[in-house]
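Numbers here are sequence positions counted from 1.
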Amino acid sequence: MSDVAPFNPQIEIIRKKLSTVTPPPREALANKSNAAAVLIPLFERDGELHIVYIRRSDHVASHRGQVAFPGGRVDAVDATLLDAALREAHEEVGIHPSTVDVIGALATMQTTTSGIVVAPFVGVIPSDTQLKPQLSEVAQIFDVPLSALRDPKFRGDYEWKSEGPATRTSKFPAILYGGQIIWGLTLRITLNLLELLDPTKT
């Protein structure tokens with residue numbers, strides 16, 4: 001493995017807390033249209049951790065234009081769910097698997113609106129990683145510092161409208177930062193990661 005971001009105590013806290021989490025077996029999510037594995041890329045800039053997000057293309061089959069983590073379905077070439085997450089991150093944003101320091105997995109979660117089951121993995125990448133979007137699937141790559149993700153001033157609501165003839169509107173909690181809307185499963189995964197760093201919880 002190549003050099004990763006400089007040592008950060010928060011990374012070691014996350015690593016320790018995730019050491020007890022066992023990701024589901026490949027068979028649990030492989031070959032299912034409603035399942036995916038994603039990578040939560042962390043990197044350090046000016047002594048602070050940032051999370052890398054993508055905004056999905058408006059031309060993909062589902063969750064068009066929404067903020068997400070790089071990831072996708074498990075393919076035959078993937079020996080594990082982690083392999084799927086790393087492969088997809090490489091394809092979608094150019095993160096080479098050999099540069100990722102995988103520090104653990106979060107619990108599998110399911111989207112509220114579409115029922116997609118997601119296995120999230122947390123990995124640290126070098127701060128100088130050159131990210132490049134796969135334009136057929138990724139409209140934009142951006143990052144957010146953890147301090148902003150925690151800051152109440154960036155919390156709000158997002159009004160989601162369903163697609164199709166029977167349109168309905170629902171309001172969801174969100175992080176509103178830099179013109180981006182982090183909501184739904186992506187928000188829940190983000191909050192789970194932030195909770196690991198809560199000093200009041202051991």
Practice task
Could you tell me whether the side chain of I103 reaches within less than 4.5 Å of the side chain of L42, counting heavy atoms only?
Solution key: yes

Practice task
Indicate whether the side chain of E48 and that of Q10 have a donor and an acceptor atom separated by less than 3.5 Å.
Solution key: no

Practice task
Please state whether the rings of F172 and W183 are parallel, tilted or perpendicular, taking 30° and 60° as the class boundaries.
Solution key: tilted

Exercise for the section: Verify, without hydrogens or angle tests, whether S127 (side chain) and F43 (backbone) share a donor-acceptor contact under 3.5 angstrom. Expected result: no

Exercise for the section: Report yes or no: does Q110 contribute a side-chain atom to a donor-acceptor pair with the main-chain N or O of V118 at less than 3.5 Å? Expected result: no

Problem - Flag, side chain of D151 to backbone of K153, donor-acceptor distance under 3.5 Å - result: yes

Exercise for the section: State whether E12 and K16 are salt-bridged, where the test is any N-O pair (Lys NZ or Arg NE/NH1/NH2 against Asp/Glu carboxylate O) under 4.0 Å. Expected result: no

Handout entry: Flag side-chain contact, heavy atom, 4.5 Å: L194 against L146
Key = yes

Fill in the blank from the handout: Contacts of Y53 meeting side-chain hydrogen bond (donor to acceptor under 3.5 Å, both in side chains) (sequence neighbours excluded), chain-then-number -> T190

Handout entry: Any side-chain heavy-atom pair of P97 and R87 under 4.5 Å
Key = no

Practice task
Could you tell me whether a side-chain N or O of K17 sits under 3.5 Å from a main-chain N or O of L196, the two making a donor and an acceptor?
Solution key: yes

Handout entry: Student check: side-chain heavy atoms of D78 and D75 closer than 4.5 Å
Key = yes

Handout entry: 4.5 Å side-chain heavy-atom contact, V138 and E92
Key = yes

Problem - Sidechain N-carboxylate O distance under 4.0 Å for D83, R26 - result: no

Problem - Nearest heavy atoms of L106 and L18, plus distance in Å - result: CD2-CD2, 3.6 Å

Practice task
Spell out, as yes or no, whether a donor-acceptor pair under 3.5 Å connects the side chain of T186 to the backbone of V67.
Solution key: yes

